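Every heavy atom of this structure was used, including side-chain atoms; hydrogens, water molecules and symmetry mates were not. Note that the coordinates shown come from a computational prediction; the quantities given were computed from them, not determined experimentally.
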Amino acid sequence: MQPPSRLDLDLALCDRPFAPYPLLAQWSGGDWAAEAHFIGRMRGVGERGQDLQALEVEHYPGMTERMLEALAREEAARCGARRILLRHCVGQVAPGEAIVLLAVAAERRGQAIETCRRLLERLKHDAPFWKKEVGPAGQHWVRTNSGYEPSSGPLAPL
């Protein structure tokens with residue numbers, strides 16, 4: 001896949017809750033044919049099945065932003081995306097609040113969907129975020145993410 005002639009990136013970390021739909025409305029509507037959107041919200045149940053009051057997301061300032069940009073550029077070049085909007089919360093997030101917003105624009109739906117899917121997996125497994133679950137019974141660090149295992153090799157195409 002040839003890299004897009006011009007890639008427009010709008011990437012940011014948010015230290016407070018954000019409303020994803022107004023961001024999407026401002027971002028959407030360019031001269032591309034396809035968009036893929038994903039909104040991830042904080043679950044109210046933790047990895048051990050316990051009720052949660054919050055998730056604390058820590059990151060490595062400076063390094064995290066550089067890594068997000070590198071991951072976005074890599075997946076856009078691999079799949080042919082033209083434009084990417086990414087917001088990711090850091091700090092404390094409550095159940096139901098948006099923790100991640102990802103929107104991808106491309107010339108074809110497959111390019112948009114594949115870039116969105118791959119970039120989400122890369123964010124979950126390669127970006128320098130650390131998550132601590134907080135609930136009535138205490139708090140603990142999340143050890144792993146579900147689904148894709150980096151040791152299993154590259155993501156298979158859809």
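Inter-residue side-chain proximity for L13 and L68 is flagged as met; some heavy-atom pair is nearer than 4.5 Å. Looking at L24 and L101, their side chains come closer than 4.5 Å, going by heavy atoms from C-beta outward. A 4.5 Å side-chain heavy-atom check between I39 and P20 finds at least one atom pair inside the cut-off. Looking at K132 and H140, their side chains never come closer than 4.5 Å, going by heavy atoms from C-beta outward. Side-chain contact between L85 and L11 is absent, with no heavy-atom pair separated by less than 4.5 Å. Residues L119 and I84 meet the side-chain proximity criterion, which asks for heavy atoms closer than 4.5 Å.
With sequence neighbours left out, the side-chain hydrogen bond (donor to acceptor under 3.5 Å, both in side chains) criterion links W32 to E35. For the side-chain hydrogen bond (donor to acceptor under 3.5 Å, both in side chains) test, no residue two or more places apart in sequence or in another chain qualifies with R66. The side-chain hydrogen bond (donor to acceptor under 3.5 Å, both in side chains) test applied to D15 returns no partner, not counting sequence neighbours. Partners of Q139 under the side-chain hydrogen bond (donor to acceptor under 3.5 Å, both in side chains) rule, at least two apart in sequence or in another chain, do not exist in this structure.
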For this session: Dump the intermediate steps for salt bridge (charged side-chain N to carboxylate O under 4.0 Å, His left out) on R117 and E114, then the final yes or no.
Result: CA-CA 5 Å; R117 183 180 76 95; E114 184 68 3; 3.2 Å; yes
For this session: Apply the test side chain to side chain contact (heavy atoms under 4.5 Å, CB included) to residues L55 and V134: give CA-CA distance (whole Å), side-chain angles for both, the deciding distance (0.1 Å), then the verdict.
Result: CA-CA 6 Å; L55 184 70; V134 179; over 6 Å; no
Exercise. Does the side chain to side chain contact (heavy atoms under 4.5 Å, CB included) test come out yes or no for R87 and L102, once each step is laid out?
Worked result: CA-CA 7 Å; R87 294 293 182 274; L102 177 59; over 6 Å; no
Exercise. Taking it one step at a time, do V100 and L86 satisfy side chain to side chain contact (heavy atoms under 4.5 Å, CB included)?
Worked result: CA-CA 7 Å; V100 65; L86 172 65; 3.9 Å; yes
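Applying the ring pair (Phe, Tyr, Trp, His ring centres under 6.0 Å) definition to pairs two or more places apart or across chains, those involving residues 71-104 are H88-F129. Sorted by first and then second residue, the side-chain hydrogen bond (donor to acceptor under 3.5 Å, both in side chains) pairs involving residues 49-61 (not counting sequence neighbours) are Q50-E133, E56-Q92, H59-T64.
Nearest heavy-atom pair across P22 and A19 is CD-O, 3.4 Å. Of all heavy-atom pairs spanning Q111 and C79, the tightest one is CG-O, 3.1 Å. Closest approach of P95 to L52, counting heavy atoms only: CG-O, 3.5 Å. C14 and F18 get closest at one heavy-atom pair: SG-CD2, 4.0 Å. Between C116 and A36, the shortest heavy-atom distance links the atoms CB-CB, 3.9 Å. Residues V57 and C89 come closest through the heavy atom pair CG1-O, 3.6 Å.
Under the 4.5 Å side-chain heavy-atom criterion for grouping Ile, Leu, Val, Met, Phe, Trp and Tyr, L9 is connected to L71 within one hydrophobic cluster. Both M63 and W130 are part of a single hydrophobic cluster, where members link through side-chain heavy atoms under 4.5 Å apart. Y21 and I99 fall into different hydrophobic clusters, where Ile, Leu, Val, Met, Phe, Trp and Tyr residues are linked whenever their side-chain heavy atoms come under 4.5 Å apart, directly or through other members. If you chain together hydrophobic residues whose side chains sit under 4.5 Å apart, L123 and V104 fall into the same group.
Looking at E75, its side chain never comes within 3.5 Å of a backbone N or O of A72 through a donor-acceptor pair. Here the side chain of R83 pairs a donor or acceptor atom with the backbone of W27 at under 3.5 angstrom. The backbone N or O of G62 lies less than 3.5 Å from a partner atom in the side chain of E65, making a donor-acceptor pair. For the pair R122 (side chain) and E74 (backbone), a donor-acceptor distance under 3.5 Å is absent.
Here the straight-line distance linking atom CG of L7 with atom CZ of R73 works out to 5.5 Å at 0.5 Å rounding.
A salt bridge does not link E97 with R41: none of the charged nitrogens is closer than 4.0 Å to a carboxylate oxygen.
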